[in-house]
Amino acid sequence: MNDQAPEGVRLQKVLAQAGVASRRVSEELIVAGRVRVNGMVVTELGSRIDPGSDLVDVDGTAVQLDATKRYVMLNKPRGVVSSLRDDRGRPDLRRYTERFEERLFNVGRLDADTSGLLVLTNDGELAHVLAHPSFGVTKVYIAKVTGRVSAQTVAALTRGIELEDGPIAADKARVLSASAEGGGSLVELTLHSGRNRIVRRMMDAVGHPVEELVRRQFGPLHLGTLPAGKTRELTTVERGALLTLSRGGPSTPSPENP
């Protein structure tokens with residue numbers, strides 16, 4: 001941070017340009033000690049920063065300063081592969097990315113038969129962090145499975161089961177609905193694992209193969225009412241939560257219907 005450097009930009013101006021608040025309210029946030037730059041609380045209104053290198057947060061939530069970065073949510077339909085070019089000629093993500101000027105790519109993957117929340121961005125650093133298995137971003141899935149799932153099966157999913165590539169346990173699991181005749185169940189699973197087709201393999205292992213699968217949540221982001229095949233840009237609140245998560249800080253999930 002450059003407090004006195006004339007080439008820097010005043011902190012309240014940066015906050016206002018980032019959409020945090022008006023310049024006047026931004027000044028109040030600074031004086032109240034609610035703004036940090038590179039982890040240090042800044043309370044002087046004359047402070048200047050370099051938006052290209054300094055990291056700013058308000059009340060612990062990161063602020064997006066780089067206006068060239070774009071963050072888009074896609075409700076990926078079934079039958080579309082999570083690739084920008086599929087060598088087998090299947091429908092891919094280009095139909096959703098080519099409408100943007102920036103070259104967007106996907107954060108992580110969903111298999112072709114799984115629908116739901118996928119993040120598209122041109123922020124390579126954020127994409128690498130959030131997609132890396134060791135980072136353990138939480139994902140929430142809803143699976144329509146065969147058979148009536150019992151309380152004992154739910155307990156087994158959270159206690160842990162053995163798969164061919166090692167043990168796995170759901171962070172949370174619950175039955176949303178189940179047919180009295182055993183015709184099928186809706187199960188919600190919360191996982192932080194990034195292993196390939198993990199939900200399908202877990203449900204196969206407990207005797208309830210997946211018929212349909214959708215990812216409803218990725219980290220602090222919720223799919224909400226976004227229709228299949230549609231995209232929308234993340235809100236200021238969602239971008240802040242996602243950037244906070246990528247920097248290793250806490251993030252609060254946004255409402256289901258932002």
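Positions are given from 1, in the same order as the sequence printed here. Bear in mind the structure is a predicted one, so any value in this text is a computation, not a measurement. Computed over heavy atoms, backbone and side chain alike; hydrogens, waters and symmetry mates excluded.
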What are the two closest heavy atoms between [X] and [Y], and how far apart are they?
X	Y	value
Gly160	Ala169	CA-CB, 3.6 Å
Arg200	Asp111	NE-OD2, 3.5 Å
Val199	Val210	O-CG2, 4.3 Å
Leu157	Met203	CD1-SD, 3.9 Å
Ala18	Val63	CB-CG1, 3.6 Å
Ala178	Ser185	CB-OG, 3.6 Å

Side-chain heavy atoms of [X] within contact of [Y], under 4.5 Å:
X	Y	answer
Leu163	Met202	yes
Val119	Met73	no
Ile49	Val42	no
Leu45	Leu11	no
Leu234	Val72	no
Arg232	Glu238	yes
Lys230	Leu74	no
Asn75	Pro227	no

Are Arg201 and Glu164 ion-paired here, with the side-chain N under 4.0 Å from a carboxylate O?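 A salt bridge is present here (some side-chain N lies under 4.0 Å from a carboxylate O).
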Arg195 and Asp165 ion-paired at < 4.0 Å: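 Salt bridge flag = yes for Asp165 with Arg195.
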Counting N and O atoms only, with roles assigned by atom type, does the side chain of [X] sit under 3.5 Å from a partner on the main chain of [Y], one being a donor and the other an acceptor?
X	Y	answer
Thr121	Arg70	yes
Arg216	Tyr141	no
Asn38	Leu55	yes
Arg99	Arg95	yes
Gln64	Lys69	yes
Gln217	Gly219	yes
Ser246	Val129	no
Asp171	His192	yes
Arg23	Gln12	no
Ser115	Arg78	no

Using only heavy-atom distances, determine whether the side chains of Asp86 and Ser83 contain a donor-acceptor pair under 3.5 Å.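 There is no such pair between these side chains.
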same_hphob_cluster([X], [Y]) at 4.5 Å side-chain heavy-atom cutoff:
X	Y	value
Val187	Leu117	no
Val137	Leu213	no
Val9	Val35	yes
Leu226	Val80	no
Val107	Leu245	yes

Within this structure, what is the [atom1]-[atom2] distance for the pair [X] and [Y], rounded to the nearest 0.5 Å?
X	Y	atom1	atom2	answer
Thr43	Ile30	OG1	CD1	9.0 Å
Phe105	Leu93	CZ	CG	12.5 Å
Glu211	Asp113	CD	CG	12.5 Å
Phe100	Thr231	CZ	OG1	4.0 Å
Thr158	Leu189	OG1	CG	10.0 Å
Ser177	Lys144	OG	NZ	9.5 Å

Mind running side chain to side chain contact (heavy atoms under 4.5 Å, CB included) on Leu84 and Asp92 for me, showing each step along the way? CA-CA 6 Å; Leu84 295 177; Asp92 55 39; over 6 Å; no
What's the verdict on salt bridge (charged side-chain N to carboxylate O under 4.0 Å, His left out) for Arg34 and Glu28, showing C-alpha distance, side-chain angles and the deciding distance? CA-CA 9 Å; Arg34 297 168 61 184; Glu28 294 175 355; over 6 Å; no
Would you check, one step at a time, whether the test side chain to side chain contact (heavy atoms under 4.5 Å, CB included) holds for Val56 with Arg36? CA-CA 6 Å; Val56 177; Arg36 296 190 305 175; over 6 Å; no
Worked check of salt bridge (charged side-chain N to carboxylate O under 4.0 Å, His left out) between Asp57 and Arg247: CA-CA 11 Å; Asp57 67 78; Arg247 295 177 189 176; 5.6 Å; no
For the CD atom on Glu101, are there more than 12 heavy atoms of other groups (residues, nucleotides or ligands in this structure) within a distance under 6.0 Å?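 Not more than 12 within 6.0 Å, no.
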Trace of the side chain to side chain donor-acceptor pair (under 3.5 Å) decision for Asp66 with Thr68: CA-CA 5 Å; Asp66 188 348; Thr68 68; 2.6 Å; yes
Take Ser47 and Arg10 through the test side chain to side chain contact (heavy atoms under 4.5 Å, CB included) and record every step on the way to the result. CA-CA 6 Å; Ser47 301; Arg10 287 185 180 274; over 6 Å; no
Report the C-alpha separation of Asn122 and Tyr71 in whole Å, then their side-chain angles, then the decisive distance to 0.1 Å, and conclude whether the side chain to side chain contact (heavy atoms under 4.5 Å, CB included) test is met. CA-CA 7 Å; Asn122 61 342; Tyr71 307 91; 5.8 Å; no
